[in-house]
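See below for the structure under consideration.
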Amino acid sequence: MENTFVQNQCLSCGGAIENPEYKNCPHCGTLLDEVQAKINQRNKNIELCHNCGSPVTYNIEKQQFSCDYCHSTFTPQSEKDLDRVVFEADNLIPFQVPKGLAKKRFFEWLIKGNNVPNDILDRMDNIQLEQVYVPYMGANIVYEGSWGAEIGYNRSETYTHYETREGKKGEKYSEPVTRTRTVVDWNHHSDVFSGHTHKSFLVNSELKGSVAEFMKKVGDLIFSADTKPFDQHYTAGTRQLKISPDKVSESLRSVRDIAQEEANKTVLRLLPGDKKKNATVTKLSYKLTSHYTYVPFWKITYKYEGVDYIVLVTAAKNEKIELDGSKPVSQNDTKIEKRMILSGRIGLLASVFGFLMTLFDVIPNAGPFWAVVVAAGIIVWIFFAIKRALFHRGNRKNLKKILAEHQEYLELSNKYPQ
């Protein structure tokens with residue numbers, strides 16, 4: 001009687017496994033090592049270390065991820081819990097820019113730019129200033145490692161060169177001539193290096209688009225010397241944006257790349273010799289110290305012709321105030337500018353056309369005519385470019401004059417002189 005009892009079966013397809021040493025099912029190809037299968041499944045999607053951002057692997061026995069780079073460990077549950085973590089600020093920068101100074105700088109910023117309406121100061125209304133704290137993660141990265149490179153040192157050496165000369169009777173002979181040349185001696189060198197860098201990250205996901213880009217650009221303000229330990233006394237009456245776990249995780253992932261980039265820069269500065277090639281960071285380690293800081297901003301909102309506009313003003317440093325936001329544009333001035341741009345482009349196009357006609361001699365003996373077209377087109381283009389510049393300059397000069405007579409601005413200027 002045929003023995004139908006199967007001692008080893010594939011858990012995936014049920015096929016018989018005759019050879020116990022098979023690593024994969026001969027019928028469906030499934031990996032037979034259950035432990036290894038679970039490890040592969042966990043490692044299929046690359047996980048990143050919460051501490052340094054390096055890829056990590058899953059240890060099935062310890063039921064946790066481990067990082068070979070910084071030796072951190074964390075469990076799958078802690079990975080899920082990261083999204084539910086409520087981060088608290090470690091410190092903050094108290095408002096250094098008073099409300100009046102912020103408003104004064106707002107007026108000065110408002111009249112700058114092209115095609116700003118001449119009646120902007122008279123017709124805008126409902127100006128509101130709000131104190132807002134925006135969260136940043138400050139990363140202090142200390143790194144060290146070793147490098148290797150081929151280093152070349154220049155040296156001068158003399159050599160003898162034989163030149164052929166001709167005697168008085170026409171006979172030719174060789175005469176030795178001593179010359180000097182520069183040669184490079186190449187040798188492999190290696191050494192250690194160390195350094196540190198600071199980097200700030202915007203860790204809020206509510207801010208989008210140009211607002212977020214402005215916040216990232218001014219992020220170096222978190223390293224102000226005026227940083228204080230977090231105290232709700234400073235945040236009373238202000239709005240605080242939340243620290244977003246996804247932005248924290250994203251920032252931590254980028255730290256390793258930043259350390260690598262800074263290490264490469266440090267090595268290039270340290271390399272000796274006159275020439276170098278194949279410079280490589282052979283070993284790199286770093287330590288991250290991070291803290292969460294609330295950075296102050298003034299949010300200014302105003303209306304012009306029924307439309308809302310928003311402006312952001314940095315408030316961390318009194319001596320360095322940056323502004324960014326939206327402002328209205330005069331439709332009439334924009335139309336005038338567009339006509340001047342179009343006229344200038346027509347002149348430029350005419351000069352290009354005349355140049356091509358001259359270059360390929362499309363019409364024989366018409367070269368002088370096309371040369372005149374080229375010159376005239378360039379003159380027209382330059383004329384309207386200058387006219388546009390004078391147009392904008394005149395508008396800004398007029399707005400500056402209006403601002404100088406604006407009553408509220410005069411009061412703020414007296415209180416906050418330059």
* To do: Apply side-chain contact (heavy atoms from CB on, under 4.5 Å) to Arg105 and Leu323, showing your working.
  => CA-CA 8 Å; Arg105 292 297 178 87; Leu323 294 90; 4.2 Å; yes
* **Full working for side-chain contact (heavy atoms from CB on, under 4.5 Å) between Leu284 and Phe193** => CA-CA 9 Å; Leu284 174 65; Phe193 67 90; 4.2 Å; yes
* Kindly determine whether Trp186 and Tyr153 satisfy ring-ring contact (aromatic ring centres under 6.0 Å, His included), including the steps that lead there. => CA-CA 7 Å; Trp186 290 96; Tyr153 291 90; 9.2 Å; no
* To do: Could you check Ile141 against Val255 for side-chain contact (heavy atoms from CB on, under 4.5 Å), going step by step and ending with a plain yes or no?
  => CA-CA 8 Å; Ile141 308 168; Val255 167; 3.8 Å; yes
* To do: In sequence, state the C-alpha distance, the side-chain angles, and the governing distance for Asp125 and Lys303, and then conclude on salt bridge (Lys or Arg N to Asp or Glu O under 4.0 Å).
  => CA-CA 5 Å; Asp125 56 12; Lys303 285 182 178 290; over 6 Å; no
* Show the numbers, then the answer: is there a ring-ring contact (aromatic ring centres under 6.0 Å, His included) between Trp370 and Phe353? => CA-CA 9 Å; Trp370 293 119; Phe353 179 75; 5.6 Å; yes
* Asked: For Lys276 and Glu150, what are the C-alpha separation, side-chain angles and deciding distance, and is it a salt bridge (Lys or Arg N to Asp or Glu O under 4.0 Å)?
  -> CA-CA 6 Å; Lys276 58 275 297 181; Glu150 300 299 323; over 6 Å; no
* To do: Report the C-alpha distance between Thr301 and Asp308 in whole Å, list the side-chain angles of each, state the deciding distance to 0.1 Å, and finish with yes or no for side-chain contact (heavy atoms from CB on, under 4.5 Å).
  => CA-CA 7 Å; Thr301 57; Asp308 293 316; over 6 Å; no
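Within 6.0 Å of atom CZ in Arg345, 12 or fewer heavy atoms from other residues, nucleotides or ligands are found, so the atom counts as exposed in its surroundings. In the displayed structure, His189 atom NE2 is contacted under 6.0 Å by more than 12 heavy atoms of other residues, nucleotides or ligands. With a 6.0 Å radius and a threshold of 12 heavy atoms from other residues, nucleotides or ligands, Gln232 has its CD atom at or below the threshold. Around NZ of Lys387, the count of heavy atoms belonging to other residues, nucleotides or ligands within 6.0 Å does not exceed 12. Shown here is Tyr309, whose OH atom has more than 12 heavy atoms of other residues, nucleotides or ligands within 6.0 Å. Crowding of His233 atom NE2: a count of heavy atoms from other residues, nucleotides or ligands under 6.0 Å not exceeding 12.
A donor atom on one side chain and an acceptor atom on the other are not found under 3.5 Å apart for Arg388 and Asn114. If you check the side chains of Asn126 and Gln128, you find a donor sitting under 3.5 Å from an acceptor. Under 3.5 Å, the side chains of Arg339 and Ser343 contain no donor-acceptor pair of N or O atoms. A donor and an acceptor atom, one from each side chain of Thr266 and Tyr143, are located under 3.5 Å apart. Side-chain atoms of Thr160 and Thr178 form no donor-acceptor pair, as typed in the model, at a separation below 3.5 Å.
Looking at heavy atoms from C-beta onward, Val380 lies out of side-chain contact with Ile346 at the 4.5 angstrom threshold. Asn318 has its side chain within reach of Leu101: a pair of non-hydrogen atoms, C-beta onward, lies under 4.5 Å apart. Inter-residue side-chain proximity for Leu271 and Ile151 is flagged as met; some heavy-atom pair is nearer than 4.5 Å. You'll find the side chain of Tyr294 stays beyond 4.5 Å of the side chain of Val134, heavy atoms only. Side chains of Ser190 and Thr282 form no contact here, defined as non-hydrogen atoms less than 4.5 Å apart. The side-chain heavy atoms of Thr238 and Val132, taken from C-beta on, include no pair separated by under 4.5 Å. Ile127 is listed as a side-chain neighbour of Lys103, based on a closest heavy-atom distance under 4.5 Å. Val97 places none of its side-chain heavy atoms less than 4.5 Å from the side chain of Thr314.
Between Glu108 and Tyr409 the shortest heavy-atom distance is OE2-OH, 2.7 Å. Scanning all heavy atoms of the two residues, the minimum distance from Pro135 to Ile243 falls at CB-CG1, 3.5 Å. When all heavy atoms are compared, the tightest approach of Met215 to Phe297 is SD-CZ, 3.3 Å. Listed here is the closest heavy atom pair of Phe201 and Ser254: CE2-OG, 3.2 Å. Ser251 and Val203 make their closest contact through OG-CG1, 3.9 Å (heavy atoms, listed as atom of the first residue, atom of the second, distance). Across Gln240 and Thr235, no two heavy atoms sit closer than the pair NE2-O, 3.3 Å.
Between the side chain of Gln96 and the main chain of Pro94, a donor-acceptor pair closer than 3.5 Å is present. With hydrogens and angles ignored, the 3.5 Å screen pairs a side-chain donor or acceptor of Asn264 with a backbone N or O of Gln260. Between the Ser351 side chain and the Val374 main chain, no donor and acceptor come within less than 3.5 Å of each other. Side-chain N or O atoms of Asp324 include none that pairs as donor or acceptor with a backbone N or O of Phe214 at under 3.5 Å. The backbone N or O of Tyr292 sits less than 3.5 Å from a side-chain atom of Asp90, completing a donor-acceptor pair. A donor-acceptor pair under 3.5 Å links the side-chain atoms of Thr358 to the main chain of Gly354, judged by distance alone. Looking at Asn204, its side chain does come within 3.5 Å of a backbone N or O of Leu207 through a donor-acceptor pair. When atom types are taken as modelled, the side chain of Lys208 and the backbone of Ser205 share a donor-acceptor pair closer than 3.5 angstrom. For the pair Tyr133 (side chain) and Thr293 (backbone), a donor-acceptor distance under 3.5 Å is absent.
Taking CD1 from Ile341 and CG from Leu348, the interatomic distance works out to 13.0 Å, rounded to the nearest 0.5 Å. Atom NE2 of His291 and atom OG1 of Thr289 lie 9.5 Å apart (nearest 0.5 Å). We find the OG1-CD distance between Thr182 and Glu157 to be 9.0 Å, quoted to the nearest 0.5 Å. Atoms CD and CD1, on Glu130 and Ile310 in that order, are 10.0 Å from each other to the nearest 0.5 Å. Considering CG of Leu288 and CG of Leu252, their distance stands at 6.5 Å, rounded to 0.5 Å. Atoms OH and CZ, from Tyr234 and Phe95 in turn, are 13.5 Å apart once rounded to the nearest 0.5 Å.
Geometric assessment of Arg256 against the ring of Tyr286 yields a negative cation-pi assignment under the 6.0 Å and 45° thresholds. For the pair Arg181 and Tyr159, the cation-pi criterion (under 6.0 Å, within 45° of the ring axis) is fulfilled. Remark: Lys283 fails to qualify as a cation-pi partner of Trp147 under the 6.0 Å distance and 45° angle criteria applied to the six-membered ring. Under the 6.0 Å distance and 45° angle rule, Lys327 counts as a cation-pi partner of Trp109.
A salt bridge links Glu163 with Arg179: the closest approach of a Lys/Arg side-chain nitrogen to an acidic carboxylate oxygen falls below 4.0 angstrom. Salt bridge annotation for Lys265-Glu261: present, with a cationic side-chain nitrogen under 4.0 angstrom from a carboxylate oxygen.
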